[in-house]
Amino acid sequence: MQTIIENLQKHFQVVSYHQQRENLGFLIASKEVAVGLITHLRDYEGFAHLVLLTAVDWIEDEHFQLTYLLHHPEKKVDLGVRVMISRENAEMYSIHHLWEQARTYQRELREMFGINFPGSPDVDKPFILEGWEEIPPYRRDFDTKEYSEKTYFPRPGRETHDPAEYMKKKLYPNE
Amino acid sequence: MGTIVTKILYALLTLFIVTNYGLILSGVVHKIGARVGRRHGIRFYQPYIDLIKNYTFRTRITHGIMYYIGPVFRLTGGIGLLLFLPVIYGSPVFDNFSFAGDLTFVLYFQFFGVLGMALGAGESGHPYSALGVSRGLAQTTAMELPLTLGVLALAVQYHTLNIHDIVAAQQGSILHWTLFTNPLAAIAMMLSFLAMMGRSPFDVVLAPQEIPIGPPTEYHSALLGVLQLNRAIFPAAKLILFMNLLFGGATNWGELIIKTFFIYMWSVFVGIAYPRFRVDQSVRWYLGIPLLIGVAAILVVKYF
Amino acid sequence: MGKEYIEKRTVISPEGNPIEVDPLKDYFCDAAPKSCKSASGIIEKFANWARSESLWVLGFGTGCGAIEMRPLMTPRFDAYRFGIQWRPTPRQASVFVISGYLSVKTLKRVVRSYEQMQNPKFVVALGSCTINGGMYWDSYNTINRLDHYMPVDVYIAGCMPRPEALLAGFDKLKHIIREGRGEGANKYAENFDWYKGNQKKIIKDWDMPDYNW
Amino acid sequence: MSKKLLKWNEDRTLFPEKNSEGKIDVDYDSHKFMKIWHGPQHPGITGNMSLELTLLGDEVMDCETHVGYLHRGFEKLMERRKYIQCFPIVCRVAVPEPDFNEYCFASAMEELAGIEVPEAAEWLRTLVLEMSRLQSFLAWMGGQAGSLGQGIIGQWTIYLRDLILDRFEELTGGRIYHMYMLPGGVRGLLPDGFRQRMTENLDEIDRFMKDVKKVMFDNAVFKKRTVGMGVIDPAWIHPFGITGPNARAAGVAKDVRKDNPYLKYPELDFEPVVGKDSDIYTRADVRRRDLLMTVDLIRQIMAKIPDKGDIRAKTPNVLHWKVPAGETYSRAECTRGEYGYYMVSDGTEYPRRINVRGPSYTHAVALLEKMIVNANIADVAGLMVSLHTYPPEIER
């Protein structure tokens with residue numbers, strides 16, 4: 001794992017590297033070099049298998065984190081490439097030419113996070129949702145509970161509690 | 001005048017008995033299939049309840065007048081086949097309208113229902129119906145070839161086109177059955193019989209996993225009831241036909257029930273054990289060995 | 001995805017003649033359903049008995065409850081004994097088993113399948129998620145109450161209900177039908193506007209006729 | 001000679017030419033093509049999804065997979081639940097094998113929180129995962145035979161599956177959803193007499209699998225329908241992200257249990273089952289041998305599993321459990337391929353983001369759309385089932 005990273009640092013500027021466990025590491029790459037880095041990893045280092053592509057919404061820092069998790073079939077190690085992109089007009093270069101299934105992931109991200117991948121086939125087609133009019137649902141500022149209560153005729157009689165407080169009230173009322 | 005009225009009344013009596021027999025038989029066959037799968041299966045009288053239920057639906061929609069032709073033709077094919085068969089050999093009551101050329105007639109009625117279904121189901125406009133119809137026609141055409149060759153071999157063998165005479169020729173001993181006197185024709189016809197009963201491996205026409213459920217996709221309520229009624233009569237009539245042609249006919253109802261039951265079991269056992277052919281595979285299969293056997297049957301009868 | 005397939009357009013027929021097509025009007029019958037009178041007295045009772053003893057279930061696994069439908073139809077529980085059978089097309093089925101949560105996208109298909117079934121038709125809803133949302137009560141994509149969108153005869157609670165519970169539910173449904181209370185289809189026809197309003201409220205891209213037979 | 005005579009000389013000049021993308025230009029106004037929807041209301045579909053097929057004659061010219069009928073927004077729901085509240089809902093992500101969700105969730109969380117699971121709990125987890133694989137394979141086998149019209153296999157295998165579900169019920173209290181693998185351990189030890197009954201069930205399965213082999217795998221019609229159908233080129237494995245038996249049938253020995261060993265798999269003796277021809281038949285056969293291997297693995301586990309011991313590590317109060325910030329990915333080998341959870345924690349009581357990587361994600365969309373082209377419409381169901389796709393894990 002360490003040799004791969006050292007190799008990588010010769011060609012690319014790797015911002016930070018974090019070893020989660022012996023066969024899994026995460027590094028941060030900038031948006032511009034990310035696709036080149038991933039191509040390099042696939043073609044020269046042998047990370048041939050794209051495990052997943054997903055996004056994390058860091059709403060406080062005003063950016064999305066895209067995670068490309070790559071797997072090395074021979075060395076059995078994983079490398080996560082994290083790319084931070086701005087939350088405003090979120091856009092990322094497409095990798096559908098590298099892996100066939102990437103277009104499915106990119107369609108999903110387009111729909112659920114509103115991240116655009118120009119050039120990816122069918123990226124604007126609805127994938128999971130149908131006739132969705134709100135902001136993309138996986139964004140942190142979308143409140144699913146409020147939307148559900150507003151839309152789906154909740155059956156009266158359901159009570160919800162915060163489990164910690166409810167338990168405290170039930171079990172230790174005197175404290 | 002009096003004779004024709006009694007004849008019609010007798011025919012209706014036959015129809016009534018055979019319908020009930022067919023309904024119970026389909027229930028029992030379901031049960032046998034279920035037992036192989038370690039189940040109890042449906043109650044043996046379940047087909048009656050299903051029939052009643054289908055007739056008591058309150059709404060019915062139509063796809064135009066041709067749409068009704070499907071079930072009507074299908075039922076006509078079933079009843080027509082039965083009415084021209086001598087059901088019980090030697091009994092004036094259950095002899096039906098058997099006449100000198102009924103063997104050709106029977107072959108025609110066998111195909112009649114399929115054609116009617118094709119017309120009607122095509123009218124419903126459902127793509128699965130259309131797919132099912134084209135599959136059904138292709139497979140029936142292929143399956144008819146060995147069957148017709150086998151029947152012609154029998155006609156040549158017995159020098160008659162009358163089923164009654166064919167049955168008469170087989171009386172006396174079990175060795176007089178066509179099964180033993182002309183085994184090649186019997187094999188060709190019994191292979192065709194598999195597809196006639198619409199069970200695996202030749203049930204791609206109705207394959208619920210691919211084209212649920214083929215031609216009858218759009219038929220519902222009373223129209224489906226008519227089809228279901230036919231599903232009881234038609235197999236029973238076909239069983240009686242094969243019993244008459246190959247297994248020496250029956251001289252009483254007990255014999256008929258035993259013989260037809262075992263003939264049915266042939267297709268049931270094959271059906272349970274095998275997955276289904278694609279339609280092109282089943283056409284190829286019928287144009288292969290069964291067709292050759294059919295040709296051989298005719299040649300054997302003609303030249304040996 | 002464009003919706004041009006439901007817009008009015010001109011099609012060239014195989015003979016070369018142009019034909020005006022308005023798919024929603026021409027391909028479907030969109031007349032609202034009518035409530036059907038039941039027969040009287042003993043005939044209706046007999047019919048109800050037949051209906052209750054021959055429940056043809058539509059083979060539409062809408063949610064995770066579908067996984068318990070297979071044990072239900074196989075050796076251990078064998079629902080065939082009670083006259084419950086599969087039917088692959090909605091035209092021929094009389095019972096719609098909503099097996100679990102319904103997302104909005106599925107609800108649209110469920111409504112269509114339901115409307116294609118013939119009167120009388122019954123709905124059995126499995127799982128807590130059809131009753132009040134269950135585990136997914138706060139999800140943005142699953143409905144909370146099925147009875148706002150179609151009349152439900154029997155609810156079977158649980159996540160997920162065991163096959164024994166399903167058998168008990170079907171037994172209850174039989175009782176309801178035999179007592180003549182299984183009039184969901186008529187209820188749907190009588191309160192058609194209310195049901196349609198609820199459906200249209202959540203199904204945003206409504207690209208089908210209001211009622212399709 | 002006779003074979004050549006019977007073989008139709010297929011004239012493909014009538015078929016339209018493919019364009020540069022490998023697809024044909026479909027012109028519906030030419031009245032040559034038919035568009036057909038395969039699902040969601042369709043008995044031949046696995047789960048609740050639909051295929052939009054474009055047909056020319058009997059042949060599929062183009063296919064588009066539509067998913068999303070089962071979308072419940074799990075990843076969103078988990079963001080507004082505490083970790084322990086996520087625990088009961090994760091198993092609902094995929095119905096046929098809920099335990100893999102529980103395991104991946106629990107192990108990702110334990111890794112972030114730095115908790116060591118006791119040995120007995122690890123053995124029990126291994127046992128439950130293998131049992132889960134076994135029942136899923138059995139359910140699949142019935143589906144594969146059923147998709148080709150052989151319903152009897154389904155009756156037998158679902159009967160066998162019920163036996164395994166009984167053992168699950170005995171061990172965990174649940175038939176389908178077990179909620180057994182808590183973060184930090186498991187909920188209970190083996191009940192009395194469990195081994196005995198499990199051994200009897202495994203013997204029963206062994207006995208039935210011999211019949212299944214005879215009726216299904218040695219069947220001439222089954223072979224005719226499946227041999228040479230739906231071949232996955234080994235070169236597709238990495239571009240499409242194919243994992244599990246689908247990859248192993250193509251000769252690539254990819255098995256997470258061997259590659260990235262987890263739980264007690266290093267102590268068990270097994271070799272990944274590998275096929276050669278990569279058609280439907282080989283995939284089915286690989287799964288059958290995998291099933292028998294799973295039976296063998298359960299026997300090995302039963303011999304080694306401790307009867308008592310600590311089954312739960314010490315965890316903080318679960319209602320106030322703040323998992324340290326970080327991110328990780330934990331994976332396991334389920335019947336369909338690699339199952340994984342990607343978990344991001346921001347140091348609060350609520351997970352920041354959890355992403356589920358279901359193997360069907362790639363199999364059912366990109367791969368199926370490619371494979372199904374030029375298949376006969378009658379083979380669509382068999383082809384789809386042979387990939388063992390399951391929609392809920394695509395859309396969650």
Side-chain angles (χ1 to χ4, degrees), chain B residues 30 32-41 125-136 138-139 142 194 198-214 217 268-292, chain D residues 2-3 5-8 10 34-39 41-46 53 55 57-59 142-160 162 208 211 214-216 218-226 229 375-385:
Chain B
H30 263 282
I32 290 169
R35 283 301 155 99
V36 183
R38 301 170 69 94
R39 282 191 293 119
H40 283 281
H126 200 288
Y128 291 140
S129 299
L131 276 173
V133 161
S134 63
R135 287 176 181 187
Q139 185 172 293
L194 290 177
R199 290 184 157 267
S200 286
F202 304 104
D203 61 342
V204 79
V205 183
L206 298 171
Q209 274 82 8
E210 299 144 25
I211 44 162
I213 49 176
T217 305
V268 172
F269 285 152
V270 172
I272 286 173
Y274 282 89
R276 62 175 75 96
F277 272 130
R278 263 194 340 245
V279 67
D280 57 326
Q281 288 169 336
S282 73
V283 167
R284 272 173 223 210
W285 192 80
Y286 269 116
L287 295 186
I289 295 162
L291 182 69
L292 292 178
Chain D
S2 67
K3 264 198 176 159
L5 262 180
L6 288 172
K7 196 157 188 184
W8 287 343
E10 282 182 25
M34 177 152 80
K35 186 177 268 192
I36 233 177
W37 281 83
H38 207 73
Q41 193 276 301
H42 194 295
I45 207 103
T46 51
L53 304 172
L55 300 181
D58 243 8
E59 231 177 81
Q144 176 71 73
S147 73
L148 299 171
Q150 201 174 17
I152 200 72
I153 303 288
Q155 304 283 350
W156 292 347
T157 56
I158 300 287
Y159 155 72
L160 298 175
D162 272 338
F208 262 85
D211 287 355
K214 252 182 239 159
V215 177
M216 183 172 162
D218 297 348
N219 192 315
V221 181
F222 183 79
K223 278 186 186 164
K224 204 162 186 176
R225 283 294 299 273
T226 53
M229 275 296 312
N376 192 304
I377 169 97
D379 289 326
V380 169
L383 197 64
M384 188 172 48
V385 176

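Below, chains carry the letters A, B, ... as their sequence lines are ordered, and counting in each starts from 1. Note that the coordinates shown come from a computational prediction; the quantities given were computed from them, not determined experimentally.
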So which heavy atom on M34(D) is nearest to which on L131(B), and how close?
CE-CG, 4.3 Å

Out of V385(D), I36(D), V215(D), which one racks up the most heavy-atom pairs below 4.5 Å with chain B?
I36(D)

Side chains of N376(D) and V279(B), heavy atoms from C-beta outward: is any pair under 4.5 Å?
no

Strictly distance-based, threshold 3.5 Å: is any side-chain N or O of W156(D) a donor or acceptor partner for the main-chain N or O of V36(B)?
yes

Given the rule in the side-chain hydrogen bond (donor to acceptor under 3.5 Å, both in side chains) test, do Q155(D) and R39(B) qualify, once you have shown the distances and angles that lead to the verdict?
CA-CA 8 Å; Q155(D) 304 283 350; R39(B) 282 191 293 119; 3.1 Å; yes

Between R278(B) and L148(D), does a side chain to side chain contact (heavy atoms under 4.5 Å, CB included) hold up when you go through it step by step?
CA-CA 9 Å; R278(B) 263 194 340 245; L148(D) 299 171; over 6 Å; no

Side-chain contact test, heavy atoms from C-beta onward, threshold under 4.5 Å: evaluate it for K224(D) versus F277(B) and give yes or no.
yes

Do you know which of D379(D), I158(D), I153(D), L55(D) has the most heavy-atom pairs with chain B at a distance under 4.5 angstrom?
D379(D)

Using the test side chain to side chain donor-acceptor pair (under 3.5 Å), find all partners of R199(B) that sit at least two apart in sequence or belong to another chain.
none

Flag side-chain contact, heavy atom, 4.5 Å: R276(B) against Q150(D):
no

If you draw a 6.0 Å radius around NE2 in H126(B), do more than 12 non-hydrogen atoms from other residues or ligands fall strictly inside?
yes

Between N219(D) and P275(B) the two heavy atoms that sit nearest each other are ND2-CD, 3.3 Å

Heavy-atom cut-off 4.5 Å, strictly under: side chain, backbone, both or neither for F222(D) against chain B?
both

Under 6.0 Å between ring centres: does that hold for H38(D) and Y128(B)?
no

